[in-house]
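Notes for the one structure printed next.
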Amino acid sequence: MPLLLFLLWKIFSKTDKGVANQYDIHEIDYAIVVTAYQETHTLAAVVDSILNSNYSKYLVYIVADNCDISELKFNDPRVFVLKPPSTLASNTRSHQYAINNFRREHEYITIIDSDNLLHPEYINQLNKVINNGFIAVQGQRKAKNLDTVLSRLDAIRDIYYHFYDGRILFDLGSSATLSGSGMAFRTDLYKEFLAEYNVSGAGFDKVLQYFLLRKDLRIAVSEDAIVYDEKTSKADQLIKQRSRWINTWFKYFKYGFSLVGLGIKNFSINQLLFGITLLRPPLFIFIILSGLFMIINIWVSITYFFMFFVAFTLFILSFLIALYNSKADKIFYHSLLNIPRFMVLQLVSLVQSRNANQRSVATKHYHSEIIDKPNGKEKR
C-alpha cells in the first residue's frame with residue numbers, strides 16, 4: 001500500500017505547494033492551548049518556545065489538570081494558567097475548559113502537548129496554509145530527543161507516517177492524519193466537534209479526524225509548521241503509550257468503513273483514501289502476521305512464500321523511500337536493525353492494550369529543552 005501510494009503520488013499528485021505562498025496576508029488570532037496532566041516540569045520550556053515565536057497575535061492557555069501550579073509563574077501577560085476545580089483526565093475536556101476561559105474570541109485554536117517545543121516559525125507557517133483556504137492543519141512533529149535506540153525508532157515511525165499518511169495523502173487530494181498535537185482548527189469548528197463528541201481516554205484525534213472527514217473537509221499538512229515532540233526513550237514508557245494507541249485503533253478503526261462508504265457514495269477521493277488508511281492495522285501487527293504466514297507457506301505453497309517475500313522487500317523499500325524523501329539523518333538508518341526489539345515491546349503493548357486507558361491517561365516525560373530563537377534554529 002505505501003509503495004502504491006508513492007507511485008500514485010509521483011504520477012497524479014495534486015499538491016497545493018504551487019500556490020501555497022500566494023495568499024492575502026491576514027494575521028490570524030490564535031488560542032494556543034497547552035494541556036498538562038499531573039506533570040508541570042516541561043511547561044517552562046514549551047512556554048519559552050511559544051514566546052520566542054516570530055508572531056504576536058496569540059494568547060497561551062495552559063490547562064494544568066490535576067497539577068500543582070504553585071511553582072508555575074509566567075510574567076508575560078499573554079500566558080494564562082488554568083487550574084480546573086476537579087480532575088478532568090481528558091484531552092477534550094481540557095480543551096473545552098480552555099475555551100470556556102478564553103480571554104477573547106480567537107479565530108483559530110492550535111493544540112500543543114506539554115512536552116512539545118514550537119519552532120519560531122510554527123504559527124507563520126500555519127498562517128500560510130490557512131490563508132490558502134484550509135480550516136484544519138496538521139503540522140510536522142519532529143523528534144525532540146534522539147538519545148536512545150527506542151527514541152530513534154519512535155522518530156522513524158513518525159517520519160514514515162508523516163510521509164505516507166500526511167504529505168502523500170494530502171498531495172493526492174485526501175487529508176493528512178492527525179497526530180494529537182501540533183495541529184490547528186478554526187475555533188467554531190472545534191467547538192462544534194466538542195459539542196458533538198464526548199471523548200474519554202486516548203484517541204480524541206481519531207474521532208476528530210472522522211468528524212472532519214465525515215463533512216468531507218480536508219485536513220492540510222504543513223511541512224514547515226514544526227513542533228518538536230518527545231520520543232519514547234524507555235521501554236516501560238513505550239509499552240504504556242503504545243498500549244493506549246493500540247487500544248484506540250481497535251476502538252475507532254470502524255470509522256474507516258464509514259468513510260470508504262461515504263467516499264464511494266460522494267465520489268470523494270478525500271473520504272475514500274482516508275477511509276482505506278484508517279482500516280490499516282498498526283504496522284507491527286501487519287509485519288508479524290505477514291512473517292508468520294510467510295513461514296507457514298514454506299510448507300503450504302512455495303509460490304505464496306515468494307509472494308510474501310517480495311511484499312516484505314517492497315515494504316522495506318517503502319520505509320527507505322520515506323527516510324530518503326524526508327532527508328533523514330544517517331543515524332536513523334543504523335537504528336533500523338533494532339526494529340525486532342521495538343516490535344517485541346509493541347507485542348507487550350498489545351497484550352496490555354485492553355485496559356490501557358484504565359491504567360494511565362498520560363505518558364511520563366523526561367526531557368525539557370529550550371529552542372534558541374536566532375535564525376529559527378533549535379538548540380537541543
Measure the [atom1]-[atom2] distance between [X] and [Y] for me, rounded to the nearest 0.5 Å.
| X | Y | atom1 | atom2 | value |
| --- | --- | --- | --- | --- |
| Arg218 | Leu169 | CZ | CG | 10.0 Å |
| Ile219 | Leu213 | CD1 | CG | 5.5 Å |
| Leu59 | Ile50 | CG | CD1 | 11.5 Å |
| Leu208 | Asn91 | CG | CG | 11.0 Å |
| Ile321 | Leu3 | CD1 | CG | 5.0 Å |

*asked:* I'd like to know whether Ile62 forms a side-chain contact (heavy atoms from CB on, under 4.5 Å) with Phe80, so could you lay out the CA-CA distance, the side-chain angles of the two residues, the decisive distance to 0.1 Å, and finally the verdict.
replied: CA-CA 6 Å; Ile62 300 173; Phe80 301 92; over 6 Å; no
Of all residues at least two apart in sequence or in a different chain, which pass the salt bridge (Lys or Arg N to Asp or Glu O under 4.0 Å) check with [X]?
| X | value |
| --- | --- |
| Lys83 | none |
| Asp229 | Arg141, Lys231 |
| Asp68 | none |
| Asp76 | Arg78 |

Tell me whether [X] shares a hydrophobic cluster with [Y], the cluster being built from Ile, Leu, Val, Met, Phe, Trp, Tyr side chains joined at under 4.5 Å.
| X | Y | value |
| --- | --- | --- |
| Met307 | Trp299 | no |
| Leu314 | Ile11 | yes |
| Met294 | Tyr304 | no |
| Val310 | Met1 | yes |
| Phe286 | Leu289 | no |

Please confirm whether the backbone N or O of [Y] pairs with a side-chain atom of [X], one donor and one acceptor, at under 3.5 Å?
| X | Y | result |
| --- | --- | --- |
| Ser49 | Leu118 | yes |
| Ser326 | Ala322 | yes |
| His162 | Asp158 | no |
| His106 | Tyr30 | yes |
| Asn132 | Lys128 | no |
| Asp154 | Leu150 | no |
| Tyr97 | Thr92 | no |
| Ser174 | Leu273 | no |
| Asn116 | Ile112 | no |
| Ser290 | Ile287 | no |

Answer yes when [X] and [Y] have at least one side-chain N-carboxylate O distance shorter than 4.0 Å, and no when they do not.
| X | Y | result |
| --- | --- | --- |
| Lys215 | Glu192 | yes |
| Arg93 | Asp65 | no |
| Lys142 | Glu230 | no |
| Asp171 | Lys10 | no |

*Apply the test side-chain contact (heavy atoms from CB on, under 4.5 Å) to residues Leu51 and Val79: give CA-CA distance (whole Å), side-chain angles for both, the deciding distance (0.1 Å), then the verdict.*
CA-CA 9 Å; Leu51 297 178; Val79 181; 4.1 Å; yes
*Would Phe185 and Tyr108 count as a close aromatic pair, with their ring centres under 6.0 Å?*
no
I need the minimum non-hydrogen distance between [X] and [Y], along with the two atoms involved.
| X | Y | answer |
| --- | --- | --- |
| Asn127 | Glu27 | ND2-CA, 4.3 Å |
| Tyr210 | Ser258 | OH-OG, 3.1 Å |
| Tyr161 | Arg280 | CE2-NH2, 3.1 Å |
| Cys67 | Gln38 | SG-N, 3.2 Å |
| Ala155 | Leu146 | CB-CD2, 3.8 Å |
| Ile28 | Tyr55 | O-OH, 2.5 Å |

*Would you check, one step at a time, whether the test ring-ring contact (aromatic ring centres under 6.0 Å, His included) holds for Phe312 with Phe309?*
CA-CA 5 Å; Phe312 261 111; Phe309 180 79; 8.3 Å; no
*Does the pair Phe134 and Phe170 meet the rule for a ring-ring contact (aromatic ring centres under 6.0 Å, His included), with working shown?*
CA-CA 12 Å; Phe134 295 96; Phe170 177 62; 5.3 Å; yes
Specify whether [X] and [Y] have parallel, tilted or perpendicular ring planes, treating 30° as the upper limit for parallel and 60° as the lower limit for perpendicular.
| X | Y | result |
| --- | --- | --- |
| Tyr164 | Tyr160 | tilted |
| Phe193 | Tyr190 | tilted |
| Phe6 | Trp9 | tilted |

*asked:* Let's go through Ile276 and Leu272 carefully: what are the C-alpha distance in whole Å and the side-chain angles of both, what is the deciding distance for side-chain contact (heavy atoms from CB on, under 4.5 Å) to 0.1 Å, and is it a yes or a no?
replied: CA-CA 6 Å; Ile276 293 171; Leu272 181 61; 4.3 Å; yes
_Please check if the number of heavy atoms outside Glu71 that lie under 6.0 Å from its CD is greater than 12._
no
Side chains of [X] and [Y], donor plus acceptor under 3.5 Å:
| X | Y | answer |
| --- | --- | --- |
| Ser268 | Asp216 | yes |
| Asp205 | Gln209 | no |
| His119 | Gln140 | no |
| Ser175 | Asn270 | yes |
| Asn266 | Gln271 | yes |
| Thr110 | Tyr122 | yes |

*Only one of Val33, Leu88, Val34, Leu82 passes side-chain contact (heavy atoms from CB on, under 4.5 Å) with Ser94; say which it is.*
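Output: one option passes, namely Leu88.
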*Which salt bridge (Lys or Arg N to Asp or Glu O under 4.0 Å) pairs, counting each pair once, include a residue from residues 177-188, with sequence neighbours left out?*
Arg186-Asp188
*Going through the checks in order, is the side-chain contact (heavy atoms from CB on, under 4.5 Å) test met by Phe253 and Leu278?*
CA-CA 6 Å; Phe253 84 96; Leu278 292 187; 5.9 Å; no
*Taking only residues two or more places apart in sequence or in another chain, which ones pass ring-ring contact (aromatic ring centres under 6.0 Å, His included) with Phe308?*
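Listed in chain order: nothing, the list is empty.
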